[in-house]
Each structure stands twice: as C-alpha cells, then as structure tokens.
Amino acid sequence: MKINGQLFSAQSDDMFYIEPGVEHTFYAYSTDPMVTLSVYVDFQPSAGASYERGNNQLVNYHLNTFELKRCVPTVYFRDGIQLPAKIKLPTHCSWMNGFYHVVDQIASEELGIENELRAAFESFFILYIRYFQNPHIMDDPRVQKVKQWMENELCTSVSIMNWAERLNISSSYLYELFRKATDCSPQHYWIQLKMDRAKKYLRETNMTITEIATTLGFSSIHYFARQFKKQCGETCSDYRKRMRKLY
Amino acid sequence: MKLNRIDLKDIHPSIINAAYYPFQTNEVNGPRKSYTPFFSISKAVKVR
C-alpha cells in the first residue's frame, strides 16, 4: 500500500486510514493476494461537501481532474487524537464487529438503516481510538479520585487547593500527578469537563446561556462565554445552532 | 485543504459507502484520491 508516497506492507488485519485528498495506491501480489474492506465516512457532514450513501463517485483515478473543493473537511481532533495511517488489529477483537456490520449492511434499505450504520461505526470508532491510545495505562488513584470529585461537583467553584487538602497532599504535587496522568493541568481538565457539560445542555435543553453559566458555577456569563469560545472554537449560540441542524 | 478541528464528542459520522474489494492478483489499484476519508482493512485470501 502506498499512501502519500510512503510504502506500507499490508498483512492480514492491517487497518489503513486514508484522509481525503491523499494519494494512495493498492498493490496486490500473486503470491500474497489480499482483499480489502473499506468504509468511507464523513465525520461531520454539516461542515462541507456531503455525499449520499452508496455514492460510488468518491474516488478519483485521474489525479489531474481531482477537485479539492469536493473533499469533505479533514478532521483534526481537538483532544490531540491522531489517527495513524496504519494499525495492526488484534485478533478476535469484538469491537471490530461494528465495522464489519457497516460493510455488510451498506446496501440495506431497512427502516432506520442510516442510524444503524452510524451507531455501528461509532461503536467501532470509539473503541478503536481507546485501543490505540493504550487503555492499559491506569491513572494514579488520587487523580481518579479528583476526577470523580470534579464530575460530582461540576456546578461548584471549588479550588484545586481544596482537593489537594482532601487528599492530604500539596497542590503542586496534585498538579504534577494530574499532568502526568492527563497531560493537562487540573484547572484545564475541570474547565473541559464544564464545557462538555455546557455542550450537552446546549444540545439537549432549552436552557439559556446565562442559566447554563450559573448552573456550572461561573460567576460571570462573559467569562463563561469567553472560555467556551476559547475551548470550542465557536460561540455557544453557534454551537447550539450547528448541533440542532444535525438532529 | 479544508480543515476542521473538532471534539471527538462532536463527530456525527455519516457512512457514505462501504465495500468489499476483491483484488485480482498482481493488480495495481491507483494512484487515486478519495473525496472522503476512509478506513480500509486488508484480509489475506488463499491462493488457488
């Protein structure tokens, strides 16, 4: 397999991820023939070009006629997740079933099949990400405890010092433990949690932005709105509008 | 190239196409480009 000029060997159960607009070539050898199971996906259809299910015009062999504007946007995950070009799948991993289900059912006309395919792909995709991010790394139990407190006390304005005191450690040591486990500071992690909850409220309720800010323990709506824009790259109202278009 | 930076929680995947592509031996398929991202799994087949 050649992706963007780089050659990869392809064994059975190797999975490749190819971004839109990236040149690639499949090679098959008589001594070692392969078949491929492919799933074409748009991670965020509201963001750009959209294609109907079953569209067979996705692939362009005449590279000089390739139209960049027809590409769906390349997705970069804010969480820093980077999908590798190639990964070796473990044998007998049940989380691949979602992927195979999509391949099996793509032509189905059953009622609700779009949702079924999406759900199957999501179940595969989330578990796949957990797999390559190494799920075996466990957090320090103290960090786990603080994360739990954060979840339970999301609507308060407790300081990091309070949590450190509860654990009987210094706040700088808690900071260090947290950084090691999550690659971000406790404050940043907590803000992220609050923003995730804010998104849920924006998507699923009719709460006003002021109500959401107050519920999440922000003393100022302006500070909340600034944090939201900073973390999510768009305003609360834009996020609400965009997400509601999808459902 | 259009870029879109999103949270994992915000993905709303739409499955555009999926297929099982059997290759003839010694076949070269490409070079090509796709308008959407895709995942492709290689599976060995028995040589007859």
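Naming convention: chains lettered A, B, ... in sequence-line order (proteins, then strands); numbering from 1 in each chain.
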Are [X] and [Y] side-chain neighbours, meaning at least one heavy-atom pair lies under 4.5 Å?
X	Y	value
H24(A)	S34(B)	yes
F26(A)	R32(B)	yes
L58(A)	F38(B)	no
S14(B)	Y51(A)	no
P37(B)	V72(A)	yes

So which part of [X] gets closer than 4.5 Å to some heavy atom of chain B, the side chain, the backbone, both or neither?
X	value
E19(A)	backbone
L117(A)	both
D104(A)	neither
M1(A)	neither
I126(A)	side chain

Between [options], the one whose heavy-atom pairs under 4.5 Å with chain B are most numerous:
options	value
L63(A), V39(A), N55(A), D14(A)	V39(A)
A107(A), G233(A), S50(A), G54(A)	G54(A)
K199(A), E114(A), Q231(A), Q11(A)	K199(A)
N56(A), I106(A), V103(A)	I106(A)
E234(A), E67(A), Q57(A)	E67(A)

Separation of [Y] [atom2] from [X] [atom1] (nearest 0.5 Å):
X	Y	atom1	atom2	value
H12(B)	R242(A)	NE2	CZ	11.0 Å
I41(B)	F99(A)	CD1	CZ	4.0 Å
T36(A)	K43(B)	OG1	NZ	11.5 Å
N17(B)	D42(A)	CG	CG	13.0 Å

Which atoms form the tightest heavy-atom contact between [X] and [Y], and what is the distance?
X	Y	result
E122(A)	I11(B)	OE2-O, 4.0 Å
Y35(B)	T65(A)	OH-O, 4.3 Å
P13(B)	V41(A)	CB-CG2, 3.8 Å

For atom [atom1] of [X], decide whether the heavy atoms of other residues, nucleotides or ligands shown that lie under 6.0 angstrom number more than 12.
X	atom1	answer
F8(A)	CZ	yes
E204(A)	CD	yes
L7(A)	CG	yes
K200(A)	NZ	no

In a check of side-chain contact (heavy atoms from CB on, under 4.5 Å) between F39(B) and each of L83(A), L37(A), I18(A), which one passes?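 It is L83(A); the other options fail the test.
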Pair I15(B), R53(A) - check side chain to side chain contact (heavy atoms under 4.5 Å, CB included), show working. CA-CA 6 Å; I15(B) 310 304; R53(A) 177 163 60 101; 5.6 Å; no
